[in-house]
2 protein chains.
Amino acid sequence: MTDQSTGTTITAVERTAEVLRAFAHADTQTLGVTEVAQTLGISKAVVHRILNSLRAPGFIEFDPGSRRYLLGPTALDVGLAFLRHVDVRELARPVLKELSEQTQETATLSIRSEWHRIYIDQVTPAREVKMTVALGRSFPLYAGSSSKSLLAFLPQHEIDEYLEQTELRAVTDLTITDVSSLRSELAEVRSRGYAVSKGERQAGAGSVAAPVLDHNGYPVASMSLCGPVERFSEESDHAAELITAATRRLSRQIGYQG
Amino acid sequence: MTDQSTGTTITAVERTAEVLRAFAHADTQTLGVTEVAQTLGISKAVVHRILNSLRAPGFIEFDPGSRRYLLGPTALDVGLAFLRHVDVRELARPVLKELSEQTQETATLSIRSEWHRIYIDQVTPAREVKMTVALGRSFPLYAGSSSKSLLAFLPQHEIDEYLEQTELRAVTDLTITDVSSLRSELAEVRSRGYAVSKGERQAGAGSVAAPVLDHNGYPVASMSLCGPVERFSEESDHAAELITAATRRLSRQIGYQG
DNA sequence: AACCGCCGTTCCACTTGGCGGAACAGCCGT
DNA sequence: ACGGCTGTTCCGCCAAGTGGAACGGCGGTT
């Protein structure tokens with residue numbers, strides 16, 4: 001996807017886009033002609049004509065009570081059409097590649113499936129000692145950084161439900177198996193924005209993971225960087241930085257507004 | 001709100017709106033210039049310029065792989081801005097009036113508040129023997145058609161959680177107080193699309209209710225028609241028809257796509 | 001490899017559609 | 001009633017937008 005356009009543009013169309021964006025970014029539901037004109041630095045007459053042109057197709061409505069304008073339901077149609085087509089795996093692919101190259105570690109993408117977590121993609125570095133994960137294989141939602149980064153950002157009642165119904169069986173010697181310790185760890189993950197694991201899911205494996213959040217702030221995926229645990233002592237701060245920046249970018253792309 | 005515009009319009013702006021709508025209504029994520037031009041009956045050169053103009057502000061993106069265009073994240077921004085300001089009570093008001101006039105019964109609007117249901121609006125007919133409800137008063141989420149129509153359409157795990165923690169105390173002699181009977185009733189409500197109550201919440205009161213679903217398919221409100229139970233024996237099929245049509249319309253207005 | 005059809009992109013002459021300043025009409029507060 | 005502010009309309013002007021056609025690239029077929 002490229003957003004650099006090189007061809008001819010139409011000023012009236014560009015102004016239309018700016019008018020719609022003004023409504024998207026406004027604190028108030030309604031905007032007046034004069035207000036929009038001042039914000040965008042174009043004449044009232046032009047703004048009025050643009051708004052008028054957007055009324056019949058339903059992008060804009062006029063409130064005669066306040067004599068101001070607001071977004072109409074077609075705005076929502078178009079927005080939801082965008083959502084229907086978002087495929088997080090496709091969006092994440094180039095990001096995984098970039099992360100793996102930058103760190104020379106394995107980058108993974110996981111999603112939640114019911115009360116489990118599944119790896120759905122990975123990019124491994126061109127190096128001999130590295131981690132690889134089994135795509136499609138399911139792991140418990142409490143063990144490892146990818147799991148924790150998903151679990152931590154679920155709505156509280158879903159976390160509670162999960163912790164209530166799940167017996168925290170050790171996956172490795174280092175897995176957190178005590179509920180109140182896990183709750184503390186989840187609070188830490190939320191506060192930091194990313195999760196760290198050193199041998200909790202896979203003995204000898206270190207990893208850093210952060211969630212990809214959707215427009216509802218719901219964690220729809222988790223991205224991680226992982227490798228042999230020795231390498232992760234030195235790299236973990238840098239990896240954390242990269243992974244949070246990458247997931248933040250992806251989150252925005254799928255509509256997250258936090 | 002009025003969508004009949006009477007002032008001057010700009011052709012380029014109108015075409016922009018049509019281009020965006022073409023993407024919203026397309027079955028495929030991507031559309032080509034030629035395709036859009038044919039659908040809308042305008043020249044390829046114009047379509048190309050419109051799409052190009054919408055790229056920098058993020059409404060449209062170009063996929064160099066397929067050489068086709070798709071909606072960009074600004075489309076979602078604008079759509080979500082519409083959602084931020086939707087007031088279901090305001091949207092529902094004219095519909096409540098219409099329903100009450102058509103049936104000569106009381107039309108109500110309820111929302112869920114935690115594990116309760118609250119009446120937030122009503123329109124009563126000009127007739128002496130009629131129901132009125134206490135706005136703002138809270139009722140259990142299992143008793144009465146409005147409650148059942150909200151509960152039935154919650155995600156399964158929320159239903160389970162509610163039924164697990166709630167003691168089904170009788171509100172009237174006819175209230176369902178047995179969990180498995182209520183589960184059957186909820187399945188019936190989901191299958192039918194509406195709920196019926198005869199004396200379950202209020203002795204002597206009959207009602208038909210259906211949920212208003214948002215863009216996630218989540219029940220954000222419930223609309224009902226209610227009156228003395230004798231009148232509801234004869235009217236209930238007709239009322240069900242009206243209430244489901246009305247809630248379907250409202251649901252679509254707030255982004256429901258089922 | 002050459003050819004063809006199709007597509008997105010660019011070009012350019014033409015004309016009318018879009019522009020913007022200013023006037024108008026309506027609304028609200030004093 | 002008056003004044004200020006807003007949304008709406010008017011109208012002369014010209015450049016912005018138009019659309020047909022050519023161009024360049026891609027993929028499939030022979």
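A note on names: the letters A, B, ... follow the listed sequences, proteins ahead of strands, and every chain is numbered from 1. As a basis for the values below, the full set of heavy atoms in this structure was taken, side chains included, without hydrogen atoms, waters or symmetry mates.
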Please name all residues satisfying ring pair (Phe, Tyr, Trp, His ring centres under 6.0 Å) with Y69(B), sequence neighbours left out, ordered by chain then number.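 If we apply the ring pair (Phe, Tyr, Trp, His ring centres under 6.0 Å) test to Y69(B), skipping adjacent residues, the hits are F62(B).
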Got a sec, which residues hit ring pair (Phe, Tyr, Trp, His ring centres under 6.0 Å) with F139(B), two or more places apart in sequence or on another chain?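 Partners of F139(B) under the ring pair (Phe, Tyr, Trp, His ring centres under 6.0 Å) test: Y119(B).
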How many Å lie between [atom1] on [X] and [atom2] on [N], as a whole number?
X: D63(A); N: dT6(D); atom1: CG; atom2: C1'; value: 14 Å
X: F62(B); N: dG25(D); atom1: CZ; atom2: C1'; value: 11 Å
X: E14(A); N: dG18(C); atom1: CD; atom2: P; value: 15 Å
X: I42(A); N: dG7(D); atom1: CD1; atom2: P; value: 14 Å

Quick check on DNA chain D: between I10(A) and R49(A), whose nearest nucleotide comes earlier from the 5' end? R49(A)
A45(B) vs V13(A), nearer the 5' end of DNA chain D by closest nucleotide: V13(A)
Pull out every protein N or O sitting under 3.5 Å from an N or O of nucleotides 3-7 of chain C, one pair per line with the distance.
unit_1 : atom_1 : unit_2 : atom_2 : d
dC7(C) : O2     : R67(B) : NH2    : 3.3

dG17(D) base / R15(B) side chain donor-acceptor hit below 3.5 Å: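 Answer is no: no donor-acceptor pair is held.
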Five pairs at each end of the helix from dA1(C)-dT30(D) to dT30(C)-dA1(D): take the axis at both ends and give me the angle between them to 10°.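 Its terminal axes enclose an angle near 50°.
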Any side-chain N or O of Y69(B) less than 4.0 Å from the OP1 or OP2 oxygen of dT9(C)?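 Looking at the OP1 and OP2 atoms of dT9(C), one of them is under 4.0 Å from a side-chain N or O of Y69(B).
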Please confirm whether the shortest side-chain N or O distance from H48(B) to OP1 or OP2 of dG8(C) is below 4.0 Å.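 For dG8(C), OP1/OP2 do not have a side-chain N/O of H48(B) under 4.0 Å.
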Let me spell it out: for each of I50(A) and L31(B), pick the nucleotide of DNA chain C with the closest heavy atom. Which residue's pick is nearer the 5' end? L31(B)
With [X], which residues qualify under salt bridge (Lys or Arg N to Asp or Glu O under 4.0 Å), at least two apart?
X: R21(A); answer: E18(A)
X: D214(A); answer: none
X: R67(A); answer: none
X: E101(A); answer: none

Polar side-chain atom of T74(B) near backbone of P57(B) as donor-acceptor pair, under 3.5 Å: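 Here the side-chain-to-backbone pair exists.
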Without swapping roles, check the side chain of S53(B) against the backbone of I10(A) for a donor-acceptor pair under 3.5 Å. yes
Which part of the nucleic acid does A12(A) contact within heavy-atom distance under 4.0 Å: base, sugar-phosphate only, or nothing? sugar-phosphate
Name the atoms and distances for all side-chain donor-acceptor pairs under 3.5 Å in residues 37-46 of chain A, with sequence neighbours left out.
unit_1 : atom_1 : unit_2 : atom_2 : d
T39(A) : OG1    : E35(A) : O      : 2.9
S43(A) : OG     : A45(A) : N      : 3.4
S43(A) : OG     : V46(A) : N      : 3.2

